[in-house]
Amino acid sequence: LAVQSWRNYHQYKKCCSSHDEKLNNPLENILQYPIDECLINEDWKQSGLASIIIIRKHGETGQFSFVSFLVDVFCLGLKNVMARVEVDKDAVADFIAIYPQSFAEIEYEECRGLILGAIDYARNLGFEPHDDWEKVKGFIEANKSYEANHKFGKNGKTFYVEGPDDDVEEIMRILGR
């Protein structure tokens, strides 16, 4: 087990909001909309932190919904999620622009495998996904089987990267079990 500090993650947090106040769960029927694009930060394999953005296009309205997942592939799994629904293309571009890293396109099924695999890996270590996971898991069809397409940990070992909002004592206690 190794520990490394990580610089402050720029947060943009507003999970699962909708412009339509009548919707109880604005992501409830999201699978009816096709995937428009899936992005991942280019340096995720080196840093161990994958910022994944999955965008779905609402065909009839020209609007988009997206979820951003912060995934620790070395240890903690899903650290953060942020979702927006019913936004225009400019709002999506503005959101992507707040990230300091460069993004590359990635296949949807590879995204699913990375996110769900990291969650399973972290659960085996004793860590649960971010609290908003339950609200957004339908966006990536979490109930459907996935292909494990990545080795988790760093060089085959759990490697904890300290984040600005981590409870380091609790994490170290769980890892020490």
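All figures in this text were calculated on a predicted structure; none of them were measured in a lab. Residues take their numbers from the sequence shown, with the count starting at 1.
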Original post:
Quick one: are L125 and I174 in side-chain contact, heavy atoms under 4.5 Å?
Top reply: no
Are side-chain heavy atoms of L78 and L70 found at a separation under 4.5 Å?
no
Check your understanding: Is any NZ, NE, NH1 or NH2 atom of the basic residue among K79 and D165 found under 4.0 Å from an Asp or Glu carboxylate oxygen of the other?
Key -> no
Interatomic distance, CG@L116 vs CD1@I140, rounded to 0.5 Å, equals 4.0 Å
Below 6.0 angstrom between ring centroids: does that apply to F66 and F95? yes
To the nearest 0.5 Å, atom CG of L114 lies from atom CD1 of I119 at 10.0 Å
> When you measure from the side chain of D43 to the backbone N and O of Q101, does any donor-acceptor pair fall under 3.5 Å?
Replying inline: no
Considering only NZ, NE, NH1 and NH2 on the basic side and carboxylate oxygens on the acidic side, decide whether K144 and E109 come within less than 4.0 Å. yes
_Flag side-chain contact, heavy atom, 4.5 Å: Y99 against S68_ = yes
*Does NZ or CZ of R56 fall inside the cone over Y108's six-membered ring, less than 6.0 Å from its centre and within 45° of the axis?*
yes
Between K89 and D36, does any NZ, NE, NH1 or NH2 come within less than 4.0 Å of an OD or OE carboxylate oxygen? yes
Separation between CG (L39) and CD1 (I55), nearest 0.5 Å, reads 5.0 Å
message: Between T158 and F74, does the side chain to side chain contact (heavy atoms under 4.5 Å, CB included) criterion hold? Intermediate values first, please.
response: CA-CA 6 Å; T158 300; F74 289 165; over 6 Å; no
Under 3.5 Å side-chain donor-acceptor pair for Y121 and D72
no
If you count the non-hydrogen atoms of other residues, nucleotides and ligands that lie under 6.0 Å from CD in Q32, is the total more than 12? yes
Kindly assign one of parallel, tilted or perpendicular to the pair W44 and H150, based on the angle between their ring planes and the thresholds 30° and 60°.
tilted
Worksheet item: For N155, does the CG atom have more than 12 heavy-atom neighbours from other residues, nucleotides or ligands under 6.0 Å away?
Response: no
